[in-house]
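Each remark here refers to the structure printed beneath this line.
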Amino acid sequence: MRANLRHERLLDLLDTSGPVDVATLARVLDVSDATIRRDLSALESAGRLRRLRGGAAPALDREAPFERVATQNPLEKRAIAEQAATLVPDDAVVVLDIGTTTSLLARALRGRRVTVITSSLAVYDELRDDPVVDLMLLGGLVRTNYHSMVGFLTEQAIAQVQADLLFLGTSGVRRDGSVFDTTAVEVPVKKAMLQVADRVVLLADHTKLPGGGYARVCGPDQYDVLVTDQGVDDETARTLAASAVEVQLAPIVPAAYDTQEVT
């Protein structure tokens with residue numbers, strides 16, 4: 001991979017996952033740790049990222065908008081969303097977290113006899129005209145960059161409901177099974193959602209296993225199922241097994257997908 005293309009891919013990974021360590025960047029980009037360190041130095045000099053001890057984070061003025069994140073790993077995200085939809089029985093009450101994969105899950109639930117509760121404006125856009133789905137949009141402060149609702153009003157509204165299932169998004173999952181996020185303001189909302197669901201399903205594509213993020217959301221003891229698109233590494237697999245987390249691999253069949261843009 002040419003250096004300029006690698007640099008853009010590296011910045012995309014930081015935008016998606018937040019702070020990422022050198023070893024993870026080297027593994028994902030299939031280069032040596034030394035190459036990554038040189039890349040990080042060059043990009044830091046250009047003001048395009050922040051160096052951290054052992055890794056890097058997005059520059060303070062770089063927060064990937066929803067529309068950009070939606071273009072990353074679209075087949076994997078759609079496969080995960082469709083696999084997740086099979087876990088939803090008719091008449092279920094489900095909470096959908098923010099994120100590009102949960103918005104695709106909302107699309108997969110169109111026409112289903114379910115109740116969807118969400119703080120995601122992207123999920124709302126997918127379901128607002130559906131005559132079958134009962135849709136509840138939580139209030140709060142709008143984060144326009146990521147199409148989400150946050151703040152004390154969102155957290156208080158979540159506390160008033162009870163759900164059968166929560167589908168939780170993440171910026172990254174550590175090898176100990178801990179779920180992290182890159183945006184601190186979203187974490188209290190996620191924690192509130194965890195308190196009102198009987199069963200929790202974590203959605204994470206392979207770029208997030210392991211992944212980044214600096215704000216801890218929960219440990220592996222607080223979710224029941226992980227839906228991803230490829231095998232989990234041995235260390236993480238052992239941790240999840242010890243916590244009785246079921247891992248489901250979403251099959252990816254490119255020929256089965258149309259050319260509709262993932263949003």
Side-chain angles (χ1 to χ4, degrees), residues 16-18 24 73 76-77 79-89 92-106 108-109 114-120 123 138 148 150 154-155 158-159 161-250:
T16 303
S17 300
T24 299
N73 306 313
E76 291 86 346
K77 290 177 179 178
I80 290 168
E82 292 182 356
Q83 177 68 25
T86 68
L87 303 177
V88 181
V93 177
V94 299
V95 176
L96 298 189
D97 191 12
I98 67 164
T100 55
T101 306
T102 51
S103 72
L104 291 170
L105 172 54
L109 292 175
V114 295
T115 298
V116 172
I117 302 168
T118 189
S119 60
S120 167
V123 168
L138 300 166
S148 64
V150 297
T154 317
E155 296 161 42
I158 293 168
V161 303
Q162 185 66 34
D164 301 304
L165 287 160
L166 162 63
F167 290 93
L168 184 68
T170 179
S171 298
V173 182
R174 302 295 170 84
R175 283 198 166 92
D176 67 357
S178 295
V179 177
F180 277 75
D181 202 80
T182 59
T183 308
V185 72
E186 298 284 0
V187 172
V189 177
K190 292 176 183 285
K191 288 180 177 289
M193 288 177 171
L194 286 166
Q195 299 303 310
V196 302
D198 296 335
R199 187 169 171 82
V200 178
V201 181
L202 179 66
L203 309 179
D205 67 63
H206 67 276
T207 65
K208 300 176 180 180
L209 289 160
Y214 66 90
R216 190 177 189 274
V217 176
C218 68
D221 57 320
Q222 290 180 269
Y223 57 96
D224 304 285
V225 181
L226 166 66
V227 181
T228 186
D229 59 278
Q230 68 173 24
V232 178
D233 69 273
D234 290 343
E235 182 179 345
T236 307
R238 286 193 293 270
T239 299
L240 296 179
S243 299
V245 175
E246 176 188 352
V247 177
Q248 294 194 9
L249 303 183

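When a residue number appears, it is its place in the shown sequence, counting from 1. Computed over heavy atoms, backbone and side chain alike; hydrogens, waters and symmetry mates excluded. The structure presented is a predicted model; accordingly, all values stated were derived computationally and were not measured.
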side-chain hydrogen bond (donor to acceptor under 3.5 Å, both in side chains) against Ser148, all qualifying residues, sequence neighbours excluded: Glu186

Are the side chains of Val95 and Leu165 in contact, using a 4.5 Å heavy-atom criterion? no

Please report the shortest heavy-atom distance between Asp233 and Pro210, naming the atom on each side. OD1-CD, 4.3 Å

Let me confirm one number: the CG-CG distance from Asp229 to Leu249, rounded to the nearest 0.5 Å. 8.5 Å

Partner residues of Gln162 under the side-chain hydrogen bond (donor to acceptor under 3.5 Å, both in side chains) criterion, sequence neighbours left out: Asp198

Could you tell me which residues satisfy side-chain hydrogen bond (donor to acceptor under 3.5 Å, both in side chains) with Thr24, sequence neighbours excluded, listed by chain and number? Asp21

Quick one: list whatever passes side-chain contact (heavy atoms from CB on, under 4.5 Å) with Ala92, sequence neighbours left out. Val88, Pro89, Val94, Asp164

If you look at every heavy atom in Thr228 and Ala204, which pair is closest and at what distance? OG1-O, 2.7 Å

To the nearest 0.5 Å, how far apart are OG1 in Thr207 and CG in Asp205? 3.5 Å

Dump the intermediate steps for side-chain contact (heavy atoms from CB on, under 4.5 Å) on Asp224 and Val245, then the final yes or no. CA-CA 5 Å; Asp224 304 285; Val245 175; over 6 Å; no

Does Arg216 have any side-chain contact (heavy atoms from CB on, under 4.5 Å) partners at least two apart in sequence or in another chain, and if so, which? Ser178, Phe180

Applying side-chain contact (heavy atoms from CB on, under 4.5 Å), run through Arg175 and Thr239 and close with a yes or a no. CA-CA 8 Å; Arg175 283 198 166 92; Thr239 299; over 6 Å; no

Applying side-chain contact (heavy atoms from CB on, under 4.5 Å), run through Val189 and Glu155 and close with a yes or a no. CA-CA 6 Å; Val189 177; Glu155 296 161 42; 4.2 Å; yes

Taking atom OG1 of Thr170 and atom OH of Tyr223, what is their separation to the nearest 0.5 Å? 8.5 Å

I'd like to know whether Leu203 forms a side-chain contact (heavy atoms from CB on, under 4.5 Å) with Val201, so could you lay out the CA-CA distance, the side-chain angles of the two residues, the decisive distance to 0.1 Å, and finally the verdict. CA-CA 6 Å; Leu203 309 179; Val201 181; 4.0 Å; yes

Less than 4.5 Å apart, side chain to side chain, heavy atoms only: is that true for Thr118 and Leu138? no

Atom of Leu240, atom of Pro220 and distance for their closest heavy-atom approach: CD2-CB, 4.2 Å

Could you tell me if Ser171 and Lys208 have a donor-acceptor pair between their side chains, going purely by distance under 3.5 Å? no

Could you tell me the separation between the CD1 atom of Ile80 and the CD atom of Glu82, rounded to the nearest 0.5 Å? 11.0 Å

Donor-acceptor under 3.5 Å (Thr102 side chain, Asp97 main chain): yes

Enter the distance from Cys218:SG to Asp181:CG here, rounded to the nearest 0.5 Å. 11.0 Å

Is there a side-chain contact between Met193 and Ser119 in this structure, where contact means two heavy atoms from C-beta onward sitting under 4.5 Å apart? yes

For Arg199, all residues meeting side-chain hydrogen bond (donor to acceptor under 3.5 Å, both in side chains), sequence neighbours excluded: none

Which residues pass the side-chain contact (heavy atoms from CB on, under 4.5 Å) test with Ala108, not counting sequence neighbours? Ala85

Would you say Gln248 and Leu226 make side-chain contact, with heavy atoms under 4.5 Å? no

Donor-acceptor contact below 3.5 Å, side chain Lys191 vs main chain Val217: yes

Is there a donor-acceptor contact under 3.5 Å from the side chain of Lys190 to the main chain of Gly169? yes

Residues which pass side-chain contact (heavy atoms from CB on, under 4.5 Å) with Ala106, listed by chain and number, not counting sequence neighbours: Leu96, Val123, Glu126, Leu127

Going from CD1 on Ile158 to CG on Leu166, what distance comes out if it is rounded to the nearest 0.5 angstrom? 9.0 Å

